[in-house]
Amino acid sequence: EYAQLRMDKLAAKFPKVTSINIVIDIDVKKRMYMAEVIANRLGETAVGAKEFSESAKSVIDAAAARAERQLLRMRVKARKGAVRKQRAASAKN
């Protein structure tokens, strides 16, 4: 339930993300949790963030934070590309 709420917040922040999946695995011997967040943005795989921790909530938060940073980076790169295309088109005219 907590993971679903966290992924909903991430999806609300990035409206161009088409799907977000989270995989949570538990290693009983080591008492460790592993969370992997996979987000798809407009047909391309944007994120594959993996985190390990002893607490389930902290591993979900860490993986979501890493995914958020990667999505922000992708957003900035996409905007820079759009600005370059506009400048190139205006220079030709």
Side-chain angles (χ1 to χ4, degrees):
E1 189 175 306
Y2 180 75
Q4 183 64 40
L5 290 173
R6 190 70 167 101
M7 295 305 112
D8 288 342
K9 286 181 185 179
L10 193 64
K13 192 169 186 177
F14 298 96
K16 290 188 179 181
V17 172
T18 56
S19 69
I20 299 176
N21 298 321
I22 185 165
V23 178
I24 301 172
D25 192 22
I26 303 168
D27 187 356
V28 178
K29 291 180 183 177
K30 295 181 182 178
R31 295 183 184 164
M32 295 287 285
Y33 290 89
M34 187 274 300
E36 182 177 14
V37 176
I38 303 165
N40 293 317
R41 182 179 181 269
L42 299 175
E44 59 186 25
T45 301
V47 179
K50 246 186 204 183
E51 288 294 326
F52 297 90
S53 179
E54 293 179 0
S55 169
K57 282 189 178 184
S58 67
V59 77
I60 292 168
D61 285 337
R66 179 178 273 189
E68 185 174 346
R69 285 191 303 270
Q70 290 180 9
L71 286 168
L72 282 171
R73 242 183 279 138
M74 287 186 71
R75 181 190 287 174
V76 168
K77 284 183 182 180
R79 285 184 182 169
K80 283 183 181 178
V83 169
R84 286 184 185 149
K85 287 179 186 176
Q86 285 179 345
R87 286 182 184 166
S90 66
K92 291 178 183 177
N93 293 332

Trainee: Stepwise, does the side chain to side chain contact (heavy atoms under 4.5 Å, CB included) test hold for Arg75 with Leu72?
Mentor: CA-CA 5 Å; Arg75 181 190 287 174; Leu72 282 171; 4.2 Å; yes

Trainee: Would Ser19 and Asn40 count as a side-chain hydrogen bond (donor to acceptor under 3.5 Å, both in side chains) if you check the C-alpha gap in whole Å, the side-chain angles of each, and the deciding distance to 0.1 Å?
Mentor: CA-CA 5 Å; Ser19 69; Asn40 293 317; 3.0 Å; yes

Trainee: Knowing that exactly one of Ile60, Asp27, Val59 qualifies, which makes a side chain to side chain contact (heavy atoms under 4.5 Å, CB included) with Tyr33?
Mentor: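 Of all the options given, the one that passes is Val59.
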
Trainee: Please tell me whether Ile22 and Tyr2 are part of a single hydrophobic cluster in this structure, the criterion being side-chain heavy atoms less than 4.5 Å apart.
Mentor: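 Yes; tracing contacts between hydrophobic side chains, which count when under 4.5 Å, links both residues.
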
Trainee: If you look at every heavy atom in Ala63 and Ala35, which pair is closest and at what distance?
Mentor: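 Distance-wise, the nearest heavy atoms are CB-O, 3.9 Å.
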
Trainee: Mind running side chain to side chain contact (heavy atoms under 4.5 Å, CB included) on Asp25 and Phe52 for me, showing each step along the way?
Mentor: CA-CA 10 Å; Asp25 192 22; Phe52 297 90; over 6 Å; no

Trainee: Within the distance-only criterion (no hydrogens, no angle test), does the side chain of Arg31 pair as donor or acceptor with the backbone N or O of Glu54 below 3.5 angstrom?
Mentor: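 The answer is no, because no donor-acceptor pair under 3.5 Å joins these two groups.
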
Trainee: Which heavy-atom pair separates Ser58 from Ser55 by the least distance, and what is that distance?
Mentor: OG-O, 3.0 Å

Trainee: Enter the distance from Glu36:CD to Met34:CE here, rounded to the nearest 0.5 Å.
Mentor: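 Spacing of CD (Glu36) from CE (Met34) equals 5.5 Å.
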
Trainee: By the definition side chain to side chain contact (heavy atoms under 4.5 Å, CB included), identify the one residue from Ile20, Ile24, Val23 that meets it with Val37.
Mentor: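 Considering Ile20, Ile24, Val23, a side chain to side chain contact (heavy atoms under 4.5 Å, CB included) with Val37 is found only for Ile20.
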
Trainee: So which atom in Arg6 and which in Ala65 form the shortest heavy-atom distance, rounded to 0.1 Å?
Mentor: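 Nearest pair, atom of Arg6 first, then Ala65: NH2-N, 4.2 Å.
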
Trainee: I'd like to check Leu71 versus Val17 (side-chain heavy atoms, cut-off strictly below 4.5 Å). Are they in contact?
Mentor: yes

Trainee: Please report the closest heavy-atom contact between Arg66 and Lys50, naming both atoms and the distance.
Mentor: NH1-O, 3.3 Å

